[in-house]
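Got a structure here, written out as structure tokens. Questions coming.
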Amino acid sequence: MNQKTEERPMNLTEDRPPRNTSGLTEDRLHKRLNISFLVVFLLLLFGCSRETFVYDKAATFDELHQSIAKYSASIESRQIAWDEIGDKYRTEVAENLNETAYFALLQEMLLEFRDPHVWMFAPFDTLYSIEHLGYTKNYVESVTARYLTQVEQHSPQIQSGMINDSIGYLFCADFKGDVAANNEIYRQVFTKFSDTKGLIIDLRVNDGGSVYNAQNLLAKLTNEQRLWHTTQNRTLTGFDEKYEWYIEPDPEIYYAQPVVVLNGRFTISAGERFAVGATLLENVTIVGDTTANTQGSVMGREMLNGWTYTLTFEKCLAPDGMNYAGIGVPPDYFIAAENAILGGQDLILERGLELLE
Amino acid sequence: MIKHLLIILLLTNALIASAQTDNFPLSLGIGGGIDLIKNTDLSASPLTYEGMGLPVGINGFQANGQWINQFEIQLIIPFLTNNYPLRSKADTQLKDWTKVSVKYQLLRSVGENSNSYLGGAVQSSFFFREYDFLDGLSWEFQNSLNVQLAHKVNISDNSFLLPQLSKPVLTYINRKPSLTFDEVFLDDFNENGAASLLKYGQWKLPFFNWSAFEFDVLYHLKLSEKLNLQGKVGFNYYRINFPEKVTHLNVPIRCYLNYQL
């Protein structure tokens, strides 16, 4: 019987599948095709997942505004009309703003707080609020260094020296670093200064850090426990209960001689809390300029576009209920920053020395 | 939903005609897998983070005609395993995160010669992460009592499937206690470590600011007289509404090689 013309002629191994012209069996060809489709599918899948991130500027703005309303202690402390500010800047948000313009818009809104603790970080720019407050530094290291002898650098942040062989000088660039290690340094310094007739503590560029470092330094200046300040954190409904901070006298060190603390507009955060403590101690006088204006602790958060920002979440009150947020701690003897360094003289330091002499 | 699930499981069982194998002596296993994670914690960030980790784990399994005992410990800890950064759509990352889970469950068959099981479990899970901004960290540490439903589907003399539904009914949750971390909290944490977090906890019943459920399918294959292979695929979900909402989805995929004692 003849085979049908549409059937392929079978050879002796008729159970073998027919071969195509490349030599592959159809099974193998189908397998290769399946694998190819799978590879292409996977490439498309991973290719599609690497899409450029496009974010909603209005939604990002709204989330930022709402989060600050929820977490910031400064709205109440500084009596900020945050809703009105939000409404004002919201009208300028447009989806076609480029990143630089959008950053500038948010920066302008955040600067309404005038809070040195407010920062914003984008991949291409950074906002440090203190750079926009018009503050002038009242400290120049090279000028002050001329007054010092027996200079000792105890840590990257802490330096001590002598002035006129009778007055001790302690410089704290900040209150960062290990609390126990710093306290040991303070003890060594005060032991070294035990025979001096007075002490200058220079915090004019102290940008803060751990409040415990500030507390340990204050502890050397008193022999009785004192209420130092209270703090309260933001909650969703307002603030939590007051936490009381005390100056606890150091059991080993008490410096009873007169002390002059030098402050300025770049004395920030824990440096300002130290200043609050200094106002409570009878043997301590503050000379220089008002401090920066932010004492509460700072936290950070993300925005919907991946940028980050910081804000003050803590309300800080002096024992008499005074809130120095937005104001700063004033000195006992004020010298304007513009008049601080003249003719190679550190006039703030010299005023402090006059008070101690 | 549970009724429908059981009906599906029963129908599946009806389709597979095989001899039932009910006795599986205690075996202990070691293995690993993949954890797919998706987490949104509004108390830390408005961004959703997704990614995966490669856990290591140990498990134990025992089954006789009436009872099924299981325990499992899973660890994704940076110094021990690979945990790749969790990423957001804004291309931010959570590089440092830790996930630990410990669970023991006891199931009893309901009725004579039944492949359906009802039981309970005690479970402890911990998920900690550090965000890449100032003091950005958050966690959930949940200790719960669960109700378990399961149905064993025998595939052959040497293998079975065990789909399971687990619903926590009482939990003690440790979460960050407030929106913010002040110096007292951070000092406590830096000095006393993770143990300091234990004091921030609340008892919760379902739907009071918390809900959770887990579903997984266990596949058990006897390889030899002493060796078994266990694979598991699951889906876990929880939502906690304090101090702000966190939602967490997790698809754990596991494979264990068990040695029969």
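Residue numbers start from 1 in every chain, and the chains themselves are labelled A, B, ... in the order their sequence lines are given, proteins ahead of strands.
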For this session: With rounding to the nearest 0.5 Å, note down the distance linking CG in B:Leu42 to NZ in A:Lys70.
Result: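 Separation between the atoms: 6.5 Å.
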Problem set entry | Selection from B:Leu47, B:Thr92, B:Asp91 maximising heavy-atom pairs under 4.5 Å formed with chain A |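 Ranked by heavy-atom pairs under 4.5 Å with chain A, first place is B:Leu47.
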Problem set entry | A:Tyr55 portion near chain B, given a 4.5 angstrom heavy-atom threshold |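 For A:Tyr55, neither part sits under 4.5 Å from chain B.
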For this session: Counting only heavy atoms closer than 4.5 Å, note whether A:Tyr243 contacts chain B via side chain, backbone, both or neither.
Result: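 Side chain only.
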Exercise. Picking from A:Val211, A:Asp240, A:Thr308, A:Asn305, which has the most non-hydrogen pairs under 4.5 angstrom with chain B?
Worked result: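 When all of A:Val211, A:Asp240, A:Thr308, A:Asn305 are compared, A:Val211 has the most.
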Problem set entry | Greater than 12 external heavy atoms within 6.0 Å of B:Phe235's CZ |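 More than 12 heavy atoms, drawn from other residues, nucleotides or ligands, come within 6.0 Å of this atom.
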Exercise. Tell me, side chain or backbone of A:Glu302 under 4.5 Å from chain B's heavy atoms, or both, or neither?
Worked result: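 For A:Glu302, heavy atoms of backbone and side chain both lie under 4.5 Å from chain B.
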Exercise. Is the number of heavy atoms from other residues, nucleotides or ligands within 6.0 Å of NZ (B:Lys167) greater than 12?
Worked result: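 Enclosed.
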For this session: Not counting sequence neighbours, which residues clear salt bridge (Lys or Arg N to Asp or Glu O under 4.0 Å) with A:Arg78? List them please.
Result: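 Applying salt bridge (Lys or Arg N to Asp or Glu O under 4.0 Å) to A:Arg78 gives A:Asp115.
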Exercise. Within a strict 4.5 Å, meaning less than it, do heavy atoms of the B:Glu244 and A:Leu236 side chains meet?
Worked result: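 Yes, their side chains come closer than 4.5 Å.
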Exercise. Hey, is CG on A:Asn323 packed in by over 12 heavy atoms from elsewhere, all under 6.0 Å?
Worked result: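 It does: A:Asn323 CG has more than 12 such atoms within range.
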Problem set entry | Other residues, nucleotides, ligands: >12 heavy atoms within 6.0 Å of A:Glu241 CD |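 Counting neighbours around CD of A:Glu241, 12 or fewer heavy atoms of other residues, nucleotides or ligands fall under 6.0 Å, so no.
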For this session: Tell me, for B:Ser88 versus chain A, whether the close heavy atoms (under 4.5 Å) come from the side chain, the backbone, both or neither.
Result: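 When you check distances to chain A, no heavy atom of B:Ser88 falls under 4.5 Å.
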Exercise. Would a distance-only check, ignoring hydrogens and angles, find a side-chain to backbone donor-acceptor pair under 3.5 Å from A:Arg301 to B:Gly136?
Worked result: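 No: the side chain of A:Arg301 does not pair with the backbone of B:Gly136.
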Problem set entry | Between OH on residue A:Tyr309 and CZ on residue B:Phe133, distance to nearest 0.5 Å |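 Spacing of OH (A:Tyr309) from CZ (B:Phe133) equals 8.5 Å.
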For this session: Answer with side chain, backbone, both or neither: which region of A:Trp245 has an atom nearer than 4.5 Å to a non-hydrogen atom of chain B?
Result: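 The side chain, not the backbone.
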Exercise. side-chain contact (heavy atoms from CB on, under 4.5 Å) with A:Val179: which residues, sequence neighbours excluded?
Worked result: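 For A:Val179 the side-chain contact (heavy atoms from CB on, under 4.5 Å) partners, ignoring immediate neighbours, are A:Ser210, A:Tyr212, A:Asn213, A:Asn216.
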